[in-house]
Amino acid sequence: MSAASGLNPSQQQAVEHDTGPLLVLAGAGSGKTRVVTTRIARLLDRGVLARSILAMTFTNKAAGEMLERVTKLVGERNAKDLTVGTFHRFGLGVLRTEARSLGFRGAKFTIFDQADCTGVIREALREVRSSKGYDVGAILARISAAKNEFIEPDELERRGGRIRGTESSEYDEITALVYPKYVSMMRGFQAFDFDDLLCEVVRLWRRRPEILQKYRERYRYVIVDEYQDTNHAQLELVRLLCEEHRNVCVVGDDDQSIYAWRGADVRNILDFERHFPGAKVVKLQENYRSNAKVLAVASVVLEKSGARRHPKTIVATRAASSPVEVVVCSDADVEARFVGRTIDEILRSGRSRPKDIAILYRSNLQAPDIEASLKERAIPHVLIGGQKFFERKEVKDLLAYLKVVLDPNDEIAVRRIVNYPARGVGEVALDRLGSFATAHGITLWRAIERAIEVPELPRGAAEGCADLVRVMGQAKASFVSGDPASAVARALCDAIALKQDLQAASSSNAAATRRWNNVEGLLNVFQKRADRGLGGPKDTLDFLRVLALREDGEEDGQRDAVTLTTMHGAKGLEFDNVFVVGLEEGLLPHLRSQTERATDLPLGEHASSLEEERRLFYVAVTRAKEKLYLCRAEVRAFRGKLTQRVPSRFLVEIPSDMVEVREEKGGQQVDVESMRSGAAGLLAALGGFGLPK
């Protein structure tokens, strides 16, 4: 195949492997996406039916890129029957197809996003009559961990709420109490959360082997990208689907496993040969991204890891060029100003465009100083990892209105809009509506339509319900008459006076303008879809469901701007120039990583949080293609006080002949010898690391 031309021998092996399990260990910048897409193209060239191929990854963006590249190789006609998407998208498709087997009324269900789920947790806390102010996000995270380990509510209660991989805490008992309530309420809402989209598929396949067999016969070749990021539920899904035909190819790198905090289990890739005996292992060890000096820094730190890993030797294919610079700044403000000034110089010289530059940090709390420095110099920039567009309140409110127009059975959406903007339907009135719905075996929306029949419902609340029913009826009639979603949404904004409500509720005109601009942004999204003929009820409802599947780290548009993001958020990205800031003990590695374990593994085999922080540093460094700056401050505010900072042990592990050191001074002179002496003593206490000479 011409598509396979130019592959190196290892890439060729991975592409040409025919049947049986295959593990492709793809080091940073080794061309794994090309291998995956060329492998799919070769399967099609060999006569494998496109509908028999399933490729799964972790973000819609990655899946879209994969499908686009395959389509370029084989043509749209040959690629149209491929199944390429995220794990959750695949799970959603299975559950929709098998909805009648799930026991839901009318074989329909709703997907709850994280905000919806936290609302259910709050209601469950009220049911168990907890008066303490618990962090509902922490409870939801523990329930998520239990679900992905297939721990049922009664089993979690027997364990006293203890979940593998989590520290014992006061949340054990309350989670054990809330978990069964949460599951019961979700079932009552006919709703699934994100975890259910995978876990319920596995449960269904275990319970109904004839349904599992149907999918085994359909998907004869399975490819999983970023396998190091899979959790236990994803492992079980892949294992069940592939254990019969064993035509499974997984691609990943255990050295880039950095998501244990959200359930990823590095053991899945480390133990692949145990899960699929006889697997062929191919190592992609040639790096096509970073210059040799950048790669040398990354490799030397990774080699000091004490964790179990697949041994790899990453070889640079690009010659050494720009040196790696270690920048010692007198304080955090000097660090921010250095970054801003240096980026300004790069842009003025014409060496790079803004989109070719990234600033990476361990915590979002480090971003404001950097942002201020860039704003001072009018440098365009985009923050990845802040509040996502579709999670903003005003955006979610308008989406909820559209959801109810198209699916009035979506109770969470109904509850969100029933008294927004305020129309006299408070908590007491809502409780009475809910009780009426339960007593008559109808939905909450149907109760709102019959509000005049609800006993003891205040007149104002009944009038508010009637007003809402009128507004939604007009919106539904607009859809029926053929109006696109863009027009329906704009009419809804006018009908509920959304702009005026935002102005009244905002603390300033600027805040009101910002929030209304978000609404306009959503209206523009729907207008662009309408321009492509995608404004009807069915495709709009499908679009709303897809929005609920948006993954962390995805953005809605790209522009020519400097990227600010966490090191976690930078995974999968690459830039000509990278600034890694805050390389100090307590930031990287993070303070809590020095006592926590990322996963609960047997002694001598465990991957500690500290080792995951090491892998995070490796990921950050290998985002750089040409120029890398490693920055730290001698003094930084910590918990409200200026404190002396110690260089990160990962920075200290880099031999001095691999980097060029520069000092950036503020109001005070930097006493380098004193700094080295003091830091060496502190580092010795942390574990015996010495400073480069």
Side-chain angles (χ1 to χ4, degrees), residues 27-29 58-59 62 226 228-229 252-262 264 266 289-290 294-295 297-302 304-305 307 324-327 332 335-336 339 357-371 381-386 551-555 562-594 596 598 607-625 627-633 636 645 647-654:
F58 282 84
T59 68
E226 302 287 5
Q228 77 280 348
D229 295 335
D253 181 10
D254 50 299
D255 290 332
Q256 297 185 69
S257 179
I258 58 173
Y259 295 121
W261 52 275
R262 69 183 190 198
V266 69
R289 176 191 299 153
S290 305
V294 170
L295 204 58
V297 166
S299 298
V300 74
V301 173
L302 195 62
K304 296 183 181 293
S305 172
V324 174
E325 291 191 38
V326 172
V327 185
E335 180 187 61
V339 171
I357 303 171
I359 305 163
L360 312 183
Y361 35 77
R362 179 62 178 83
S363 167
N364 277 315
L365 296 176
Q366 296 169 253
D369 287 345
I370 305 291
E371 282 193 277
H381 57 279
V382 59
L383 177 69
I384 298 177
E551 302 288 344
D552 288 343
E554 294 186 62
E555 294 298 311
V562 174
T563 296
L564 283 77
T565 184
T566 64
M567 297 175 190
H568 286 99
K571 178 77 164 54
L573 305 178
E574 58 182 45
F575 305 89
D576 288 345
N577 309 272
V578 171
F579 295 78
V580 184
V581 299
L583 287 174
E584 302 142 26
E585 289 290 315
L587 280 176
L588 189 80
H590 198 278
L591 185 63
R592 62 175 174 264
S593 71
Q594 297 173 33
E596 291 180 357
S608 69
S609 291
L610 188 59
E611 288 303 322
E612 180 155 312
E613 295 285 294
R614 181 184 300 279
R615 296 195 292 268
L616 186 59
F617 177 75
Y618 173 75
V619 167
V621 167
T622 53
R623 299 311 94 195
K625 295 163 65 176
K627 182 67 178 179
L628 174 66
Y629 299 89
L630 302 175
C631 308
R632 76 172 190 87
R636 188 183 300 273
R645 307 297 294 176
S648 167
R649 64 191 71 195
F650 308 140
L651 197 59
V652 172
E653 290 172 359
I654 303 169

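Every value quoted in this text rests on a predicted model; they were computed, and no experiment measured them.
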Next item on the list: Tell me, please, which residues at least two apart from His568 pass ring-ring contact (aromatic ring centres under 6.0 Å, His included).
Entry: Tyr259, Trp261

Next item on the list: For residues Val297 and Leu630, determine if any side-chain heavy atom of one lies less than 4.5 Å from a side-chain heavy atom of the other.
Entry: yes

Next item on the list: Only counting residues at least two apart or in another chain, list the ones meeting side-chain hydrogen bond (donor to acceptor under 3.5 Å, both in side chains) with Glu584.
Entry: Arg636, Arg645

Next item on the list: Return the minimal non-hydrogen interatomic distance between Arg615 and Asp255, and the atom names on each side.
Entry: CB-O, 3.4 Å

Next item on the list: Verify, without hydrogens or angle tests, whether Thr566 (side chain) and Asn364 (backbone) share a donor-acceptor contact under 3.5 angstrom.
Entry: no

Item checked: Minimum heavy-atom distance Val621-Ala298, with the two atoms named -> CG1-CB, 3.7 Å

Next item on the list: List in chain and number order the residues that pass ring-ring contact (aromatic ring centres under 6.0 Å, His included) with Phe650, two or more places apart in sequence or in another chain; answer none if no residue qualifies.
Entry: Phe617

Margin query: Applying side-chain contact (heavy atoms from CB on, under 4.5 Å), can you list everything that pairs with Ala620, at least two apart in sequence or on another chain?
Written below: Leu360, Met567, Val580

Checklist line | By side-chain hydrogen bond (donor to acceptor under 3.5 Å, both in side chains) - contacts of Gln366 (at least two apart) | finding: none

Item checked: Least distance between heavy atoms, Leu383 atom then Ala367 atom -> CD1-CB, 4.2 Å

Notebook entry, point to check: Can you name the ring-ring contact (aromatic ring centres under 6.0 Å, His included) partners of Tyr618, sequence neighbours left out?
Noted result: none

Margin query: Any non-hydrogen side-chain atom of Ser648 less than 4.5 Å from a side-chain atom of Arg632?
Written below: no

Notebook entry, point to check: In chain order, what residues pass the side-chain hydrogen bond (donor to acceptor under 3.5 Å, both in side chains) check against Ser305, with sequence neighbours excluded?
Noted result: Glu611

Item checked: Partner set under salt bridge (charged side-chain N to carboxylate O under 4.0 Å, His left out) for Arg362, not counting sequence neighbours -> Glu613

Next item on the list: Quick one: closest heavy-atom pair of Ile384 and Thr565, and the distance?
Entry: O-OG1, 3.6 Å

Next item on the list: Using the side-chain contact (heavy atoms from CB on, under 4.5 Å) rule, take Tyr361 and Leu564 through it: C-alpha gap first, then chi angles, then the decisive distance, then the call.
Entry: CA-CA 8 Å; Tyr361 35 77; Leu564 283 77; 3.6 Å; yes

Checklist line | With Gln228 via side-chain hydrogen bond (donor to acceptor under 3.5 Å, both in side chains) - residues at least two apart | finding: Glu226

Item checked: Validation row: Lys304, Arg649 side chains within 4.5 angstrom (heavy atoms) -> no

Margin query: In the structure I gave you, are the side-chain heavy atoms of Thr622 and Val294 within less than 4.5 Å of one another anywhere?
Written below: no

Check: Considering residues at least two apart in sequence or located in another chain, which fulfil the side-chain contact (heavy atoms from CB on, under 4.5 Å) criterion with Asp576?
Finding: Ser352, Asp356, Lys625

Notebook entry, point to check: From Leu651 CG over to Cys631 SG, what is the distance, rounded to the nearest 0.5 angstrom?
Noted result: 9.5 Å

Margin query: Which residues pass the side-chain contact (heavy atoms from CB on, under 4.5 Å) test with Asp254, not counting sequence neighbours?
Written below: Leu25, Val266, Ile269, Leu270, Arg309, His310, Lys312

Next item on the list: Using side-chain contact (heavy atoms from CB on, under 4.5 Å) as the criterion, point out the one residue from Val327, Ile357, Ile370 that pairs with Phe579.
Entry: Ile357

Check: What is the minimum heavy-atom distance between Ser257 and Asp229, and which atoms define it?
Finding: CA-OD1, 4.5 Å

Check: Ignoring hydrogens and geometry, is there a side-chain-to-backbone donor-acceptor pair from Arg614 to Leu610 under 3.5 Å?
Finding: no

Next item on the list: Search all heavy atoms of Ala28 against all heavy atoms of Arg289 and return the closest pair with its distance.
Entry: CB-NH1, 4.2 Å

